[in-house]
There are 2 protein chains.
Amino acid sequence: MNKYEAISAEMRHRIKEKHYNPDQPIPDEKSLAKEFECSRMTMKRALDILVMEGLLYRKRGHGTFIVQSAIRDSRVNVVSNEVLGLSRLITDKTITSKVVTFEVQFPTEEVAVHLAIDTKTPVYYLVRLRLVEGEPYVLEKTYMPTNMIPGLNDEILHSSIYEYILKELELTIAGSHRKIRACKSDELDQEHLECKHDDPILEVEHVGFLNNGVPFEYSFSRHRYDKFEVTTVNVRN
Amino acid sequence: MNKYEAISAEMRHRIKEKHYNPDQPIPDEKSLAKEFECSRMTMKRALDILVMEGLLYRKRGHGTFIVQSAIRDSRVNVVSNEVLGLSRLITDKTITSKVVTFEVQFPTEEVAVHLAIDTKTPVYYLVRLRLVEGEPYVLEKTYMPTNMIPGLNDEILHSSIYEYILKELELTIAGSHRKIRACKSDELDQEHLECKHDDPILEVEHVGFLNNGVPFEYSFSRHRYDKFEVTTVNVRN
DNA sequence: TAATTATAGATGTCTAGACATTTATTAAAG
DNA sequence: CTTTAATAAATGTCTAGACATCTATAATTA
C-alpha cells in the first residue's frame with residue numbers, strides 16, 4: 001500500500017472515531033506531515049482522498065474541516081465512484097445469485113462497439129438475478145468477450161465474477177463508465193424481480209475497462225426502484 | 001486560470017482535433033513538460049484531468065493513450081461530475097423556466113437536516129419547470145435558506161439561479177452530493193411534465209455546498225425518463 | 001467608534017529531481 | 001530456436017522547498 005493511501009486510511013479512521021473535535025479544523029497540513037513523517041504534498045494527497053469521499057472540506061486560508069453529516073449519517077451508502085461488484089459493496093448481508101441465462105453468442109452491432117470488438121468475436125451472454133437476503137434485487141445482463149475471460153464456469157457465476165477476474169486471471173480493472181436512467185419494466189424484470197408491471201426500473205449501463213484500456217465487460221443492471229439508489233460526490237478543487 | 005488547467009485545455013483540444021495519432025501513445029510526460037515549459041508533476045496533473053474525463057488512459061511503463069470511443073462518440077454527454085446547473089450544461093438549445101411555486105416557509109425536519117439549519121430558519125421553497133426547446137424536461141423542487149441567498153426575485157428564477165449565486169453574490173460553489181433513483185410519477189409530475197401516469201421518473205436528490213462547507217441548496221429534480229440520463233466516469237489511479 | 005491596513009497562518013500551485021515499478025525490447029545463454 | 005536475463009523507457013510515488021492566494025485577526029488610522 002502506498003504511503004498516501006495508508007495515511008488516508010488512518011485519518012479516515014480517526015475522523016470516524018471522533019479523534020478530532022468536529023467543531024474545530026483538523027491539524028494543519030504541515031503538522032500532520034510532520035506527525036506522519038511525510039512531505040506536505042503527500043499529506044495533501046492523503047487528505048484529497050477524504051475530501052473526494054465527502055468526509056472533509058477545506059477553506060483556503062483557514063483550515064480543513066470535518067463534514068458533520070458524514071460522521072452523523074451511518075447509513076450504508078453506495079457511492080458510484082466505485083468500480084467493484086455488488087458482493088464487494090455489501091459485505092454484511094447474504095448475497096446469492098441465480099443464473100438465468102449463460103450462453104455464447106455473436107454480439108450485436110451495439111454490443112460490439114461498446115466492447116471494441118467486431119461482430120465475429122464471440123461473447124458470453126449472461127443473465128444473473130442477484131438476491132440480497134433472499135430478496136430479488138437486481139437483474140444483470142452482461143456481455144464479455146470469451147477470449148478475454150477464459151474459463152468462466154457455473155461455480156464462478158454463482159459467486160463473484162469480479163473476484164475471479166482480479167484473483168485468478170490477475171487482471172487489473174482500471175475504471176468504468178456508467179449511464180444511469182429510469183425505464184419501464186419488461187416481462188423478464190417482472191418475472192425475476194417480482195415487480196408489478198407499472199413499477200419503474202433503475203437501469204445502469206456499464207462499461208468496465210482493464211488497465212490496458214480495453215473494455216472487458218458491457219452490462220445492463222436493472223434494479224428494483226425501491227431497493228437501490230446511486231450516490232455521486234462531486235468536489236471542485 | 002492555473003497552469004495545469006490551461007495545459008489540460010490545450011491537450012483536450014489537440015486530442016479532439018486529432019492532432020495526435022490515435023493508434024500511438026501521445027508524447028511522454030517528460031517531452032510534453034518540456035514543450036509546455038512546466039515540471040513533470042504539473043504535466044501529470046494536467047493529463048490526470050483528461051484521464052478523469054475518460055479521454056486518455058495510461059499504461060504504466062508504456063505510455064499514455066487516447067480512448068478511441070471518446071473521440072469517435074460526439075454525442076452530448078452530461079457527466080455527473082459536474083456541479084453546474086442545467087443552463088450551463090446545455091448551451092446550444094433554448095432553455096426556459098416556468099415558475100410553478102415560489103414561497104418562503106419553515107423547513108421540515110428532513111430539509112433542515114440537509115441544509116444544516118434548524119426548523120426555525122426560513123427557507124425558499126421553489127418549484128420550477130424547465131423546458132428545452134419548449135418541451136417539458138424536468139421539474140425541480142428547491143429549498144434554500146433565505147438568509148444565504150438574499151434578493152432572489154422573479155426575474156432570476158426565470159433564468160439561472162447558479163449565475164446569480166456565482167456572479168452577483170460572488171459565492172463559490174465547492175461541490176455537491178447527489179442521489180439518483182427511479183420512482184413513480186405523481187400528479188404534479190404528470191401535470192407539468194406531460195407524462196402518463198405509469199411513466200417512471202428519474203429523480204436526482206441534490207445537496208449543493210459553498211466552499212465554506214455550508215450547504216446552500218437542497219433539491220429534487222424529477223426528470224422525464226425518456227429525456228435524461230446521468231453519466232459517471234470512474235477511474236482508479 | 002469605524003474603517004482601513006498590515007500580518008500571521010492556512011491551503012493552493014509549481015518546481016526539479018530522486019527513486020520505485022512496470023513493460024517491451026534486446027541481448028545472452030541454453 | 002527457445003528461454004532467460006539485462007536494459008531502456010515510460011509512468012507512479014515522494015521529497016523539500018518556494019511562492020501565491022485567501023482568511024481572520026490585530027494594529028493602525030481617520
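Values reported hereafter were calculated over all heavy atoms of this structure, with side chains retained and with hydrogens, waters and symmetry mates removed. Letters A, B, ... are given to chains in the order of the sequence lines, protein chains preceding strands, and every chain is numbered from 1.
With hydrogens and angles left out, the side-chain atoms of B:Gln105 and B:Tyr143 include no donor and acceptor closer than 3.5 Å. Of the N and O atoms on the side chains of B:Glu103 and B:Tyr124, not one donor lies less than 3.5 Å from an acceptor on the other residue. A donor atom on one side chain and an acceptor atom on the other are not found under 3.5 Å apart for B:Arg58 and B:Thr64.
Rounded to whole Å, atom P of C:dC14 lies 16 Å from atom NZ of B:Lys44. Rounded to an integer number of Å, the gap from B:Gln24 CD to D:dA10 P is 12 Å. The distance from atom CG of B:Leu32 to atom C1' of D:dT11 is 13 Å, rounded to the nearest whole Å. Atom CD1 of B:Ile26 is separated from atom C1' of D:dA10 by 12 Å (rounded to the nearest Å). Distance A:Leu50 CG to C:dT11 C1': 16 Å, rounded to the nearest Å. Atom OH in A:Tyr4 sits roughly 17 Å away from atom P in C:dA20 (whole-Å rounding). Rounded to an integer number of Å, the gap from B:Arg45 CZ to D:dT13 P is 15 Å.
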Just the table, please: protein N/O against nucleotides 15-18 of chain D N/O, every pair under 3.5 Å.
| residue | atom | partner | partner atom | Å |
| --- | --- | --- | --- | --- |
| D:dT15 | OP1 | A:Lys3 | NZ | 2.8 |
| D:dT15 | OP2 | A:Ser39 | N | 2.8 |
| D:dT15 | OP2 | A:Ser39 | OG | 3.0 |
| D:dT15 | OP2 | A:Thr42 | OG1 | 2.5 |

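In terms of heavy-atom proximity, B:Val123 sits nearest to B:Pro145 at CG1-CA, 4.0 Å.
Remark: A:His62 engages A:Phe65 in a ring-ring contact (aromatic ring centres under 6.0 Å, His included) (not counting sequence neighbours).
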* Go along nucleotides 5-10 of chain C 5' to 3' and tag each nucleotide: B for a protein heavy atom under 4.0 Å from its base, S when only backbone or sugar atoms are that close, - otherwise. => ----BB
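Taking the charged nitrogens against the carboxylate oxygens, B:Arg14 and B:Glu35 do have a contact shorter than 4.0 Å, which makes a salt bridge. The pair B:Arg181-B:Glu205 meets the salt-bridge criterion, since a charged nitrogen lies less than 4.0 angstrom from a carboxylate oxygen.
Using the six-membered ring where Trp is involved, A:Tyr137 and A:His223 have ring planes that are perpendicular, over 60° apart on the 30 and 60° scheme.
For the OP1/OP2 pair of D:dA10 and a distance below 4.0 Å, the side-chain nitrogens and oxygens of B:Lys30 include no atom meeting the criterion.
A cation-pi arrangement is found for A:Arg45 relative to A:Tyr4, the charged atom lying closer than 6.0 Å to the ring centre and inside a 45° cone about the ring normal.
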